[in-house]
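Below, each value reflects all heavy atoms present in this structure, side chains not excepted, and no hydrogens, waters or symmetry copies.
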Amino acid sequence: MTFRHEQGHAFTNQEILDFWNDADGPGGEELVEICDHEKPGTPLNMPIWSGYKLMRLTDGDLLEQVPDQTAPHDFGRLIFRGSNLNEDDIVHLVVDLVTRFQLEIPVAFAFHFDSLRFGEDAANMETLQSRFWSTWSGFAPSQQATIDGRLRRESPTYATMLEFLEEPRISRFDGLLASALNNGDLSLIYKHSAD
């Protein structure tokens, strides 16, 4: 399988087919996968097989897989992001992926959600959290902590979501909590982070 090793190169449809149909398979590991969403703060109503991914192939190539809204049940787009990158560069790719596609809510849930803080609404929030899923199998806890720290500093939305997860019942978050519990919608977090 050959493709252009050029930062930001989006695979053509034929390259995507060749990639997935390669007789030996591309090999490697999925570093992170974060759920797709209807719009930022609103999870998809239907289950979907894929989200946003960063994959490292056995040859060291890093590829980003991004859902394609024009073909939601297809493979999405594959984008070359680099080869044999160091840990700092990979952290940068993840932070960029999260902020570029406004995926702060599922990442904050993965790193900081404690249902006990929601008291009698814990079960409802656990259900909502399961719709804002992410998997971090390719990152050690120390790497996750580095990603978390960068997002705290660089994303007002992420920082506000952490405040909400820490103290969901303060008056500032009344509307957000009601929207989360009644409609499964956390999109108000973007308004709060802009205030």
K.L.:
Please check if F132 and L177 belong to a single hydrophobic cluster, counting links between Ile, Leu, Val, Met, Phe, Trp and Tyr side chain heavy atoms closer than 4.5 Å.
P.N.:
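Yes: a chain of side-chain contacts under 4.5 Å links F132 to L177.
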K.L.:
Are a donor atom and an acceptor atom from the side chains of W136 and S134 found within less than 3.5 Å of each other?
P.N.:
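There is such a pair between these side chains.
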K.L.:
Give a yes or no on whether the ring-centroid distance for F118 and F164 is below 6.0 angstrom.
P.N.:
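Judged by ring-centre distance (under 6.0 Å), F118 and F164 do meet the cut-off.
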K.L.:
Minimum heavy-atom separation for P168 and F173, please, with both atom names.
P.N.:
O-CB, 3.7 Å
K.L.:
Quick one: does W133's side chain get under 4.5 Å of I34's, heavy atoms only?
P.N.:
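No, side chains not in contact.
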K.L.:
As an exercise, state the distance from CZ of R150 to OH of Y158, rounded to the nearest 0.5 Å.
P.N.:
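It comes to 12.5 Å.
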K.L.:
Passes side chain to side chain contact (heavy atoms under 4.5 Å, CB included), L162 versus R152? Steps please.
P.N.:
CA-CA 8 Å; L162 296 188; R152 284 175 191 254; 3.6 Å; yes
K.L.:
Between OG of S115 and CG of N124, what distance do you get to the nearest 0.5 Å?
P.N.:
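That separation rounds to 11.5 Å.
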K.L.:
Does a salt bridge link R117 with E166, judged by any charged N lying under 4.0 Å from a carboxylate O?
P.N.:
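Yes, this pair counts.
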K.L.:
Is there a donor-acceptor contact under 3.5 Å from the side chain of R153 to the main chain of G149?
P.N.:
yes
K.L.:
Would you compute the distance between atom OG1 of T160 and atom CG of L176 and round it to the nearest 0.5 angstrom?
P.N.:
10.0 Å
K.L.:
Which heavy-atom pair separates S130 from T127 by the least distance, and what is that distance?
P.N.:
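Shortest heavy-atom separation between S130 and T127 comes out as OG-O, 2.6 Å.
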K.L.:
Could you tell me the separation between the CG atom of L78 and the CG atom of L63, rounded to the nearest 0.5 Å?
P.N.:
6.0 Å
K.L.:
Is it true that F139 and F111 fall in one hydrophobic cluster, defined by side-chain heavy atoms closer than 4.5 Å?
P.N.:
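Same cluster.
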K.L.:
Compare all side-chain heavy atoms of L103 with those of H37 and state whether any distance is below 4.5 angstrom.
P.N.:
yes
K.L.:
Between Q144 and D148, do the side chains contain a donor N or O and an acceptor N or O under 3.5 Å apart?
P.N.:
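The criterion, which ignores hydrogens and geometry beyond distance, is not satisfied for Q144 and D148.
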K.L.:
In terms of heavy-atom contacts, does CG of D89 have more than 12 from other residues, nucleotides or ligands at under 6.0 Å?
P.N.:
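Yes, because the 6.0 Å sphere around CG of D89 holds more than 12 heavy atoms from other groups.
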K.L.:
May I ask you to test the E33-Q65 pair for a side-chain heavy-atom distance under 4.5 Å?
P.N.:
no
K.L.:
With under 30° as parallel and over 60° as perpendicular, where do the rings of F11 and F19 fit, or are they tilted in between?
P.N.:
perpendicular
K.L.:
Atom CD1 in I147, atom NE2 in H92: separation rounded to 0.5 Å?
P.N.:
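Spacing of CD1 (I147) from NE2 (H92) equals 12.5 Å.
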K.L.:
Give a yes or no answer on whether the side chain of D59 reaches the backbone of D61 with a donor-acceptor pair at less than 3.5 Å.
P.N.:
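Flag set: sc D59 to bb D61 pair under 3.5 Å.
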K.L.:
Answer yes or no: is there a side-chain heavy-atom contact under 4.5 Å between L186 and L128?
P.N.:
yes
K.L.:
Given H9 and E15, is the side-chain hydrogen bond (donor to acceptor under 3.5 Å, both in side chains) satisfied, shown in steps?
P.N.:
CA-CA 11 Å; H9 167 66; E15 286 173 327; 3.0 Å; yes
K.L.:
Should L151 and F101 be counted in the same cluster of Ile, Leu, Val, Met, Phe, Trp and Tyr side chains packed under 4.5 Å apart?
P.N.:
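Shared cluster, yes.
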K.L.:
Is it true that R56 and E30 have a side-chain N and a carboxylate O under 4.0 angstrom from each other?
P.N.:
no
K.L.:
Which pair of non-hydrogen atoms, one from T42 and one from S187, has the smallest distance, and what is that distance?
P.N.:
OG1-CB, 4.2 Å
K.L.:
Can you check whether I90 reaches L54 side chain to side chain, under 4.5 Å on heavy atoms?
P.N.:
yes
K.L.:
Could you tell me whether the side chain of F109 reaches within less than 4.5 Å of the side chain of M125, counting heavy atoms only?
P.N.:
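Answer yes - side chains close enough.
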K.L.:
Begin from the C-alpha positions of E64 and R77 and carry the test salt bridge (Lys or Arg N to Asp or Glu O under 4.0 Å) through to its verdict.
P.N.:
CA-CA 8 Å; E64 186 178 271; R77 292 180 288 132; over 6 Å; no
K.L.:
Of the options D96, V98, T99, V95, which is the one that meets E154 in a side-chain contact (heavy atoms from CB on, under 4.5 Å)?
P.N.:
V95
K.L.:
If you look at every heavy atom in C35 and Y52, which pair is closest and at what distance?
P.N.:
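Closest pair (atom of C35, atom of Y52, distance): O-CD1, 3.7 Å.
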K.L.:
Salt bridge or not for D121 and R169, using N-O below 4.0 Å?
P.N.:
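Salt bridge: yes.
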K.L.:
To the nearest 0.5 angstrom, please state how far the CD atom of Q102 sits from the CD atom of E104.
P.N.:
6.5 Å
K.L.:
Using a strict cut-off of less than 4.0 Å between a Lys/Arg side-chain nitrogen and an Asp/Glu carboxylate oxygen, indicate whether R81 and E6 qualify as a salt bridge.
P.N.:
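Judged by the 4.0 Å cut-off on N to carboxylate O distance, R81 and E6 do not form a salt bridge.
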K.L.:
Side-chain donor-acceptor pair under 3.5 Å between T157 and S193, yes or no?
P.N.:
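On atom types as modelled, these side chains qualify, holding a pair under 3.5 Å.
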K.L.:
Search all heavy atoms of A108 against all heavy atoms of L165 and return the closest pair with its distance.
P.N.:
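Taking every non-hydrogen atom into account, O-CD1, 3.5 Å.
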K.L.:
How close do G41 and I105 get, counting heavy atoms only, and between which atoms?
P.N.:
CA-CD1, 3.5 Å
K.L.:
Under 4.5 Å between side-chain heavy atoms, hopping through other hydrophobics if needed: is there a path connecting F80 to L57?
P.N.:
yes
K.L.:
With a 4.5 Å limit on heavy-atom distance, are the side chains of R172 and E163 in contact?
P.N.:
yes
K.L.:
Any non-hydrogen side-chain atom of L62 less than 4.5 Å from a side-chain atom of L31?
P.N.:
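Yes, close enough: below the 4.5 Å cut-off.
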K.L.:
Is there a path of hydrophobic side-chain contacts, each under 4.5 Å between heavy atoms of I, L, V, M, F, W or Y residues, that connects V107 with L188?
P.N.:
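Hydrophobic grouping puts V107 apart from L188.
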